[in-house]
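Quick notes on the structure that follows.
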Amino acid sequence: MNIETKQTDILILGSGGAGLFAALHAYKSNPELKITVAVKGLLGKCGCTRMVQGGYNVALNPGDSVERHFMDTIHGGYWIPNQELAWKLVKTAPGRVLELENEIGCFFDRVEDGSLHGKAFAGQTFDRTIHKGDLTGIEIINRLSEQVWARPIDRLEDHRAIEIIKSQDGDRLAGILMVNLRTGKPLFVQAKAVMLGTGGGPTMYRYHTPSGEKSCDGLAMALRAGLNLRDMEMVQFHPTGLLAGEGTRLTGTVLEEGLRGAGGHLLNGKGERFMHSYDERGERATRDVVSRSIYREMRKGNTTKSGGVHISMGHLGPENVRKKFKGMVSRCQDVGADLAGGLVEVVPTAHYMMGGVEVNVNSETTLPGLYCAGEDAGGVHGGNRLGGNGVANSTVFGGIAGDVMADWVEREGRFAEPDQASMARALDFIETPFRNQPGDLNDLRYRLLDKMWDDAGIIRNAEGLDRAYQDVMAIREELLQLGIPEQAKAYNQTWHDWLNLHSQISVSLAIIKSAQLRKNSRGAHFRDDYPDKGDLETSTYIRSSQQGNEIAVTEVPVEFTRVRPGQTLIMEEQEAKMGVA
């Protein structure tokens, strides 16, 4: 094959919090290495970290502790998280925040005594979510981008990863096959080490929050490469996605959890507060509980004119709301809604995937040379992610991956000859839509969105999941027979829409198969035919992998390496149980 080839010591896919932290840490560990960041769009201008409104969970203030943060994470994850990953997250986060402020240049909000302000987020026993107003993600990504631009780190912007290419013997990574969006031409990037940081992004649901370029490419490539995924049934729906109608992409974007934490009310179509009918915590219940409660109101028909519910903040004082939540007030104004003093329509929106590639505490996968961090990696959150733990996860494990990759490349890294046969198959596959008769790609996309929302979404059961699997398999077969009208490849968005949909379908099948196997209700996964959470002591997680054209799933026992159900690491709670004064 005669395609362009580029070599780099370390290739990082994605420029969110995980990718940029990995690049900076790899460079700091060894400035002699050639480091390249590849991104579908423009560095610093795309990805999900930039969209973070809420904040960053970290145990820094008096009265809090890493043990308390850990227990909140384990309880929030319904005893499914990998406890070593969760411990690494909470233990490393304080140092990472100090790094963000003192080395990267971020400014977070502080109180009068100079300490970082921590706001209330649901499911936590301490107000530990630090933030920059409600524009935390923009602050972090802008500062990280500036640091990357200031260093001799290569960038491949407008480049889409297509396939993970192994070595000829299949024992290690050789590199990544990509497409240059600007020219439409393929590029093979031969690398000693690669980090997947493309972000998950459950954009296969009718209402979803992630940015438009997110299509689960990293997870789809990992499946094709034979890697194991875990917890794929655990798709988090944020309770309050903006509901602004069909004509705007703002529909589905998040109105952050801090609104409910500050005392916001949810009202159904009759103007009634309803959350206390479902959970004693009311609006401050965890995201899964609030999402299901809203969904049940929608099923009952207790909805607003657009089919959702209202969030009301005016009772907290319009000027106070405008000051604290400037970004969201402005976002609602863009669609003619008054968050500060009126009612805003909201709907649960697919927000985050707890599932991802199985990794260890060093962000290593089972394929030598391949690393994974951020939303592409599974195991940290288990059944549910606490608000504020997402950006912490990305920056903590992105930095770890950068350090470990630099060390590994120096010790063991080498360029491996790629498996030419797998490269040829991948190149042939991406030509598929140019060979077929053009059809209605948008119709297939909307069918997937509706199918996943209706049958594999917030509330599930065996009948719906069986129907979803068969229908999504049928959509996949139709896609493989469907072509596109535009033959020019440079900036051919329809071609990339076709590839996006293929990735979304692959990951949708993993979600459905995992949900079929889990016959209990934990965290973000709720089955009304198996509503009990099951025995915590015998908790399992679901492992999924691709076997031919099918997804294979198995149950794997959770290892309680630090604490078992009924136990705690919080000292005062231990003493109280033992009767110590």
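Keep in mind that this is a model prediction, so the values were computed, not measured. Values below: all heavy atoms of this structure, side chains included; hydrogens, waters and symmetry mates excluded.
Proximity of a side-chain donor or acceptor of Thr49 to a complementary backbone N or O of Gly17 within less than 3.5 Å is detected. In this structure, the side chain of Arg143 does not engage the main chain of Ile138 through any donor-acceptor pair within 3.5 Å. Using a distance-only test at 3.5 Å, with no hydrogens or angles considered, no donor-acceptor pair links the side chain of Ser167 to the main chain of Leu173. With hydrogens and angles disregarded, no donor-acceptor distance shorter than 3.5 Å links the side chain of Glu358 to the backbone of Gly379. Put simply, the side chain of Ser514 never gets that close to the backbone of Ile511: no donor and acceptor are under 3.5 Å apart. Under a 3.5 Å cut-off, the side chain of Ser291 and the backbone N or O of Phe237 do form a donor-acceptor pair. A distance-only check finds a donor-acceptor pair linking the side chain of Thr395 to the backbone of Val391 [under 3.5 Å]. In terms of modelled atom types and a separation under 3.5 Å, the side chain of Thr240 and the main chain of Val346 share no donor-acceptor contact. The backbone N or O of Ala488 lies less than 3.5 Å from a partner atom in the side chain of Asn492, making a donor-acceptor pair. Side-chain N or O atoms of Thr253 include none that pairs as donor or acceptor with a backbone N or O of Arg249 at under 3.5 Å.
By the 4.5 Å heavy-atom criterion applied to side chains, Met232 and Ile542 are not counted as neighbours. Put simply, the side chain of Lys34 reaches to within 4.5 Å of the side chain of Asp154, judged on heavy atoms. You'll find the side chain of Met353 stays beyond 4.5 Å of the side chain of Met234, heavy atoms only. You'll find the side chain of Phe188 stays beyond 4.5 Å of the side chain of Ile176, heavy atoms only. Between Asn228 and Ser544 there is no side-chain heavy-atom pair separated by less than 4.5 Å. Counting heavy atoms from C-beta on, the side chains of Arg206 and Asp454 come closer than 4.5 Å. Looking at heavy atoms from C-beta onward, Asp455 lies out of side-chain contact with Leu465 at the 4.5 angstrom threshold. Proximity of Leu242 to Arg331: side-chain heavy atoms (C-beta onward) are separated by under 4.5 Å at one or more points.
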Next item on the list: Using the side-chain hydrogen bond (donor to acceptor under 3.5 Å, both in side chains) rule, take Glu417 and Gln168 through it: C-alpha gap first, then chi angles, then the decisive distance, then the call.
Entry: CA-CA 6 Å; Glu417 285 301 312; Gln168 288 179 337; 5.0 Å; no
Next item on the list: Assess whether side chain to side chain contact (heavy atoms under 4.5 Å, CB included) is satisfied between Leu223 and Leu229, documenting all intermediate values.
Entry: CA-CA 8 Å; Leu223 280 170; Leu229 309 186; 3.7 Å; yes
Checklist line | side chain to side chain contact (heavy atoms under 4.5 Å, CB included) between Met195 and Leu370, worked out | finding: CA-CA 6 Å; Met195 192 198 85; Leu370 183 65; over 6 Å; no
Checklist line | Trace of the side-chain hydrogen bond (donor to acceptor under 3.5 Å, both in side chains) decision for Tyr27 with Gln147 | finding: CA-CA 11 Å; Tyr27 178 80; Gln147 296 294 334; over 6 Å; no
Next item on the list: Apply the test salt bridge (Lys or Arg N to Asp or Glu O under 4.0 Å) to residues Asp529 and Lys519: give CA-CA distance (whole Å), side-chain angles for both, the deciding distance (0.1 Å), then the verdict.
Entry: CA-CA 8 Å; Asp529 51 351; Lys519 294 179 172 61; over 6 Å; no
Margin query: Under the criterion salt bridge (Lys or Arg N to Asp or Glu O under 4.0 Å), I'd like the reasoning laid out for Asp428 against Arg435: C-alpha separation, chi angles, the key distance, then a yes or no.
Written below: CA-CA 10 Å; Asp428 180 70; Arg435 293 193 291 261; 3.2 Å; yes
Item checked: Residues Asp171, Lys166; criterion side chain to side chain contact (heavy atoms under 4.5 Å, CB included); working and verdict -> CA-CA 7 Å; Asp171 289 342; Lys166 297 180 183 178; over 6 Å; no
Margin query: Could you walk me through whether Arg460 and Gln516 satisfy the side chain to side chain contact (heavy atoms under 4.5 Å, CB included) test, starting with their C-alpha distance in whole Å, then the side-chain angles of each, then the deciding distance to 0.1 Å, before giving a yes or no?
Written below: CA-CA 9 Å; Arg460 304 159 172 174; Gln516 287 177 317; over 6 Å; no
Item checked: Verdict with reasoning, Lys192 to Asp9, per salt bridge (Lys or Arg N to Asp or Glu O under 4.0 Å) -> CA-CA 5 Å; Lys192 298 173 182 176; Asp9 292 310; 3.0 Å; yes
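For Asp471 and Arg447, the salt-bridge test fails: no basic side-chain N is under 4.0 Å from an acidic carboxylate O. Using a cutoff of 4.0 Å between basic side-chain nitrogens and carboxylate oxygens, Glu233 and Arg518 are scored as salt-bridged. Ion pairing between Arg292 and Asp288 holds under the 4.0 Å rule for side-chain N and carboxylate O. Ion pairing of Arg160 with Asp217 is present here, as a side-chain N (NZ or NE/NH1/NH2) and a carboxylate O approach within less than 4.0 Å. Salt bridge Lys185/Glu4: absent, no basic N to carboxylate O contact under 4.0 Å.
Side-chain contact annotation: Gln547 with Ser545, donor-acceptor N/O pair under 3.5 Å present. No donor-acceptor contact under 3.5 angstrom links the side chains of Arg224 and Gln546, judged on distance only. Counting only N and O atoms by type, the side chains of Thr209 and His351 include a donor and acceptor under 3.5 Å apart. For the residue pair Lys489 / Asn180, no side-chain donor-acceptor distance below 3.5 Å is found, with atom types taken as modelled. Checked by atom type, the side-chain pair Tyr541/Arg543 shows a donor-acceptor distance below 3.5 Å. A donor-acceptor contact closer than 3.5 angstrom is absent between the side chains of Gln504 and Ser215.
Smallest separation of non-hydrogen atoms from Gly327 and Leu135: CA-CD2, 4.1 Å. When all heavy atoms of Leu255 and Cys332 are compared, the pair lying nearest together is CD2-SG, 3.8 Å. Looking at every heavy atom in both residues, Phe21 comes nearest to Gly399 through CB-N, 3.8 Å. Between Pro348 and Ile294 the shortest heavy-atom distance is CD-CG2, 3.5 Å. Closest approach of Leu196 to Gly218, counting heavy atoms only: CD1-O, 4.0 Å. The shortest non-hydrogen separation linking Pro202 to Ala350 is O-CB, 3.6 Å.
Put simply, the residue from Lys214, Arg445, Lys40, Gln493 that forms a side-chain hydrogen bond (donor to acceptor under 3.5 Å, both in side chains) with Asn500 is Lys40. Trp453 pairs with exactly one of Tyr207, Tyr205, Tyr446 by the ring-ring contact (aromatic ring centres under 6.0 Å, His included) rule, that one being Tyr207. Of the residues Val290, Val347, Val309, Ile458, the one that meets the side-chain contact (heavy atoms from CB on, under 4.5 Å) test with Tyr295 is Ile458.
For Tyr352 and His238, the ring centers sit 6.0 Å or farther from each other. Aromatic ring centres of Tyr491 and His496 lie farther apart than the 6.0 Å criterion allows.
Ring pair Trp498/Phe429 is tilted by interplanar angle, where 30° to 60° counts as tilted.
Remark: Phe526 engages no residue in a ring-ring contact (aromatic ring centres under 6.0 Å, His included) (not counting sequence neighbours).
Counting non-hydrogen atoms of other residues, nucleotides and ligands closer than 6.0 Å to CD of Gln487 gives a total above 12.
With rounding to the nearest 0.5 Å, the separation of CG in Leu449 from CG in Leu444 is 11.0 Å.
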